[in-house]
**Q** 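Quick one: structure below, then a few questions.
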Amino acid sequence: MSHVMLCGGTLFEMNQRQILANLLRSCSKNSTLDKGLQAHGAVLRMGFGSDLMLNNDLIDMYGKCSRTGFAYDVFDKMPERNVVSWTALMCAYLQNGNAKRCLSVFAQMGVSDSKPNEFTFSTSLKASGVLGAAESGMQIHGLCAKFGFECVVVVGNSIIDMYAKCGKNIQATRMFETMPVRNLITWNVMIARYTVEENGKRALLLFREMQERGEVPDDYTFTSLLKACNTLEAVQQGSQIHAFLITRGFPYLVQTSVAGALVDLYVKCRHLSEARSVFEQIKQKNIISWSSLILGYAQEGNLEEAMNLFKLLRVSMCHQLDGFVLSSLIGIFADFALVEQGRQIHALATKIPSGLDISVANSILDMYLKCGDPDESERLFNEMPTKNVVSWTVMITGCGKHGLGKEAVRLFNRMQLDNIEPDGVAYLAVLTACSHSRLIKEGQEIFSRLCIDRRLKPKLEHYACMVDLLGRAGQLEEAKNLIMNMPLKPNAGIWQTLLSACRIHGGIEIAREVGEILIRLDGDNTVNYVMLSNIFADAGYWKECERLRKLVKAKGLRKEAGRSWVEIDKEVHFFYNGDDSHPNVEKIHEVLKEMEKRMKAEMGYVPGLRFALHDVEDESKEESLRVHSEKLAIGLALAHGKLEEKKTIRIFKNLRVCGDCHLFIKGLSKILKSLDKESSRADEKHLAANLSGTEQTNLVSSTRNKNKNQKE
DNA sequence: CTAGGGTTAG
């Protein structure tokens, strides 16, 4: 009797236990937390609180429902644990973005009684890859070999991916080549990684090889491959794959991710109509393909279409806006100095969950800095709960732009006290700030820190920045030696940087040397001749100047004509140098002369005659400066009463602003600001209450299609 | 309990 009872009891218990396990697994699969919590209650009520398998399922369920805290509680209270318990907890942390914690659980497991299995290894390897932690990845690889899991294909794939993500390409390839068994994922991992390393050609070769070996590609293969073409900027190969997909009748073309990659390929190659037509074919468009296309139009300068798409996206209500779209849009508005539109997106961002994404916040910081509102930017920066290296870099760049070099250095150091390691861009930002503020010693000190930083190698742009730093300080020889002795091959740009410095300091001899190098290296670029001839002009060497002009003519080279434009009442007005074709040309000159007079009187403005580049009398030099295209554009804006309206005046240029115009604009901004202070005191309350309602009066000169070092 | 893809900010 009792035996039968026990049997029945055991049977009953088995069923109960199995039902609970199934329930938990379904909650895990569907991430249904509420049901999972109920199931947890049932587990405890039915006396399974110490059951190993059910507890393992609970850990997994909480992990999949993004409740790592609960997962840990379960794990912590378990009377006994096995490899699955440990691995489930590691996964929970990894899948919820805490790769560090995942690895520390792995380390703890090492001193426990449980032995790792293939699941444990692939999870810990992935965590190392996410963190880019080559050291721990290598150690784990060693353990895989020791425990005999190196030849398991899933583990092998994880090892390759880990090495690739840590930038250890040689090790990744070695692993790939020595693997006894490969599967489709092995090939896909390799192809995907070659795209990251911007080695698209290798990806294409691998694709061919895998087909020769009879492996059938899937949608993962194609998306990676298309991205490889993208980094190659090989629209040709991309189109071939596109055609390949069409002829083979693959269903992938309407599939979201493959088509999404194709859209992005065409966007990056500026084939917007192709991108659009692929986009239209996608059966289930997702937010990613929308983002690509919107950004594509914006980068082409077609803001109107970009905004149309954005409106469509919003009314379709099919997709929750995410951080990618928002930060892209804000970035676009920042580039166009469209503060109002940027503010609207900022306001929108505060209303949706992804609006708090760090990249959105960063783009907002950058926008306010670029649009002339550094205080707002600083306020938001201080309020940010978490900052990353980009957030700090934005602020460092901002300081640099406003001539606050010391503050930039302070921020750079504070960032590291906050345990955020600078990357290459952060170094570049602080070095640039040093350069612009003449902080020679600080710059050199930071550069030497970069050189000994084991994670990073100084790139050409860092050297260029140091050349600029030394050059501006007049240390032309040192700058030249830096270029000659650096471990990288100098490009034309870095020599041009030195040449610019030669102009500031009148280093004729070095300029001649550099000029020769540049003509050899980049002889078809007019910029080089213009810069050289400017230097000769400064020194009064008119003959050499003339010789260069003739050389340019003989070579049939032409300089891009400098242009400026300004938008007034939704209409864009273009100006060339000395342009007198505008109907209001007389009024423009009148206003400009008036401003010039005030500036001479009030702030001691002296026209920068050295920026006039022909050998003529000073008087006509002054005259030639007065008709620079950017001044004409400003004149038009002033003539239209933009000053009285207290509207920001935005001038766009295709080339870099000339030195005298820079001085002129600075002076003008000061006059306008002082006007602003007098009249806006009374408005202060209003301003504070309605941030988006008023704009400061100031001038923003924005250089589009930047062509540095070339002046008019 | 495990491995692979497409969009963003400096």
Side-chain angles (χ1 to χ4, degrees), chain A residues 25 28 56-57 59-60 63-64 82-92 94-95 116-127 129 149 152-162 164 183-193 195-196 218-228 230 252 255-265 267-268 286-296 322-332 334 354 357-367 369-370 388-398 423-426 428-429:
Chain A
R25 279 167 206 183
S28 172
N56 286 345
D57 287 334
I59 296 173
D60 180 49
K64 298 289 190 303
N82 66 4
V83 54
V84 179
S85 331
W86 287 96
T87 310
L89 186 65
M90 286 167 57
C91 288
L94 182 60
Q95 285 161 355
N117 64 10
E118 57 174 289
F119 293 81
T120 324
F121 282 123
S122 41
T123 306
S124 54
L125 285 162
K126 186 175 177 178
F149 288 105
V152 176
V153 66
V154 176
V155 176
N157 292 343
S158 304
I159 293 172
I160 296 177
D161 200 45
M162 177 276 296
N183 64 10
L184 176 58
I185 295 180
T186 318
W187 291 95
N188 286 350
V189 168
M190 289 299 289
I191 290 172
R193 288 311 139 224
T195 66
V196 170
D218 68 356
D219 51 341
Y220 279 82
T221 321
F222 288 117
T223 40
S224 301
L225 214 47
L226 286 165
K227 182 163 186 203
N230 197 331
Y252 301 136
Q255 238 177 43
T256 327
S257 56
V258 180
L262 204 47
V263 169
D264 198 54
L265 171 81
V267 159
K268 294 270 157 62
N286 67 1
I287 189 77
I288 297 180
S289 30
W290 279 95
S291 297
S292 294
L293 198 59
I294 291 174
L295 192 63
D322 67 2
F324 285 85
V325 188
L326 295 178
S327 43
S328 306
L329 280 173
I330 296 168
I332 291 158
S354 33
D357 284 7
I358 198 156
S359 44
V360 179
N362 290 342
S363 63
I364 292 172
L365 295 181
D366 188 50
M367 177 190 72
L369 275 171
K370 279 190 180 139
N388 65 10
V389 65
V390 178
S391 333
W392 289 92
T393 307
V394 169
M395 300 311 286
I396 291 169
T397 306
D423 62 5
V425 187
L428 193 62

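Chain letters run A, B, ... following the sequence lines, proteins first and then strands; every chain starts at 1.
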**Q** With a 3.5 Å cut-off and heavy atoms only, can you find an N or O donor on one side and an acceptor on the other between the side chain of N183(A) and the base of dA3(B)?
**A** yes
**Q** Using a 4.0 Å heavy-atom cut-off, does T221(A) contact any base of the nucleic acid, only the sugar-phosphate backbone, or nothing at all?
**A** nothing
**Q** Check the distance between dA3(B)'s P and N117(A)'s CG and give it to me in whole angstrom.
**A** 13 Å
**Q** Could you state the interatomic distance from CG (L295(A)) to OG (S328(A)), rounded to the nearest 0.5 Å?
**A** 5.0 Å
**Q** Nearest to the N157(A) side chain among dA3(B), dT8(B), dG10(B), which nucleotide is it?
**A** dA3(B)
**Q** Among the nucleotides dA9(B), dC1(B), dG5(B), which one has an atom lying closest to any side-chain atom of N388(A)?
**A** dA9(B)
**Q** Mind calculating the distance between CD1 (I330(A)) and C1' (dA9(B)) to the nearest angstrom?
**A** 9 Å
**Q** Which value, rounded to the nearest 0.5 Å, describes the distance between S327(A) atom OG and I332(A) atom CD1?
**A** 9.5 Å
**Q** Separation of N82(A) atom CG from dC1(B) atom C1', in whole Å?
**A** 9 Å
**Q** Compare the minimum distances between each of dA9(B), dG5(B), dG10(B) and the side chain of S363(A), then state the nucleotide with the smallest one.
**A** dA9(B)
**Q** Base, sugar-phosphate or nothing for G331(A)? Non-hydrogen atoms, less than 4.0 Å.
**A** nothing
**Q** Suppose we call a contact any N or O donor and acceptor under 3.5 Å apart; does that hold for the side chain of S257(A) and the base of dG6(B)?
**A** no
**Q** Under 4.0 Å: is that the gap between some side-chain N or O of K64(A) and OP1 or OP2 of dC1(B)?
**A** no
**Q** In whole Å, I'd like the distance from the CH2 atom of W187(A) to the P atom of dG5(B).
**A** 18 Å
**Q** Nearest to the S122(A) side chain among dG10(B), dA3(B), dT8(B), which nucleotide is it?
**A** dA3(B)
**Q** With a 4.0 Å cut-off on heavy atoms, is V84(A) in touch with a base, just the backbone sugar-phosphate, or nothing at all?
**A** base
**Q** Counting only side-chain heavy atoms from C-beta out, which of dG10(B), dC1(B), dG6(B) sits nearest to K370(A)?
**A** dG10(B)
**Q** Any side-chain N or O of K227(A) under 4.0 Å from OP1/OP2 of dG5(B)?
**A** no
**Q** Without decimals, in angstroms, what is the distance between W392(A) CH2 and dA9(B) C1'?
**A** 17 Å
**Q** Quick one: the side chain of S292(A) and the base of dT7(B), do they pair up donor-acceptor inside 3.5 Å?
**A** no
**Q** Nearest to the side chain of D423(A), heavy atoms from C-beta on, is which of dG10(B), dT2(B), dT7(B)?
**A** dG10(B)
**Q** Under 4.0 Å between a side-chain N/O of Q95(A) and OP1 or OP2 of dC1(B), yes or no?
**A** no
**Q** Hey, what do you get for CG (N230(A)) to CG (L262(A)), rounding to the nearest 0.5 Å?
**A** 10.0 Å
**Q** Which of these nucleotides, dG6(B), dT8(B), dC1(B), is closest to any side-chain atom of A261(A)?
**A** dG6(B)
**Q** Describe the nucleic acid contact of D219(A) in one word from base, sugar-phosphate, nothing, applying a heavy-atom distance below 4.0 Å.
**A** base
**Q** How would you label the contact of V389(A) with the nucleic acid (heavy atoms, under 4.0 Å): base, sugar-phosphate, or nothing?
**A** base
**Q** State which of dA9(B), dG10(B), dT7(B) makes the closest approach to the side chain of A426(A).
**A** dG10(B)
**Q** Over all strands shown, is V189(A) touching base, sugar-phosphate only, or nothing at heavy-atom distances under 4.0 angstrom?
**A** sugar-phosphate
**Q** When only distance counts, do a donor and an acceptor, one from the side chain of S359(A) and one from the base of dT8(B), lie under 3.5 Å apart?
**A** yes
**Q** When rounded to the nearest 0.5 angstrom, what distance separates OG in S28(A) from CD1 in I59(A)?
**A** 11.5 Å
**Q** Out of dG5(B), dA9(B), dT7(B), which has the shortest distance to the side chain of T223(A)?
**A** dG5(B)
**Q** Rounded to whole Å, how long is the line connecting atom CZ of F121(A) with atom P of dT2(B)?
**A** 16 Å
**Q** Would you please confirm or rule out a distance under 4.0 Å between OP1 or OP2 of dG5(B) and any side-chain N or O of R193(A)?
**A** yes
**Q** Under 4.0 angstrom, heavy atoms only, what part of the nucleic acid is I191(A) near: base, sugar-phosphate, or nothing?
**A** nothing
**Q** Using a strict cut-off of less than 4.0 Å between a Lys/Arg side-chain nitrogen and an Asp/Glu carboxylate oxygen, indicate whether D57(A) and R25(A) qualify as a salt bridge.
**A** yes
**Q** Looking only at side-chain atoms of S328(A), point me to the closest of dA9(B), dT8(B), dC1(B).
**A** dT8(B)
**Q** If the condition is side-chain hydrogen bond (donor to acceptor under 3.5 Å, both in side chains), which residues does T186(A) pass it with, not counting sequence neighbours?
**A** N157(A), N183(A)
**Q** D366(A): which residues meet the salt bridge (Lys or Arg N to Asp or Glu O under 4.0 Å) condition with it, sequence neighbours left out?
**A** K370(A)
**Q** Check the distance between dT2(B)'s P and F149(A)'s CZ and give it to me in whole angstrom.
**A** 15 Å
**Q** Without decimals, in angstroms, what is the distance between F222(A) CZ and dG6(B) P?
**A** 16 Å
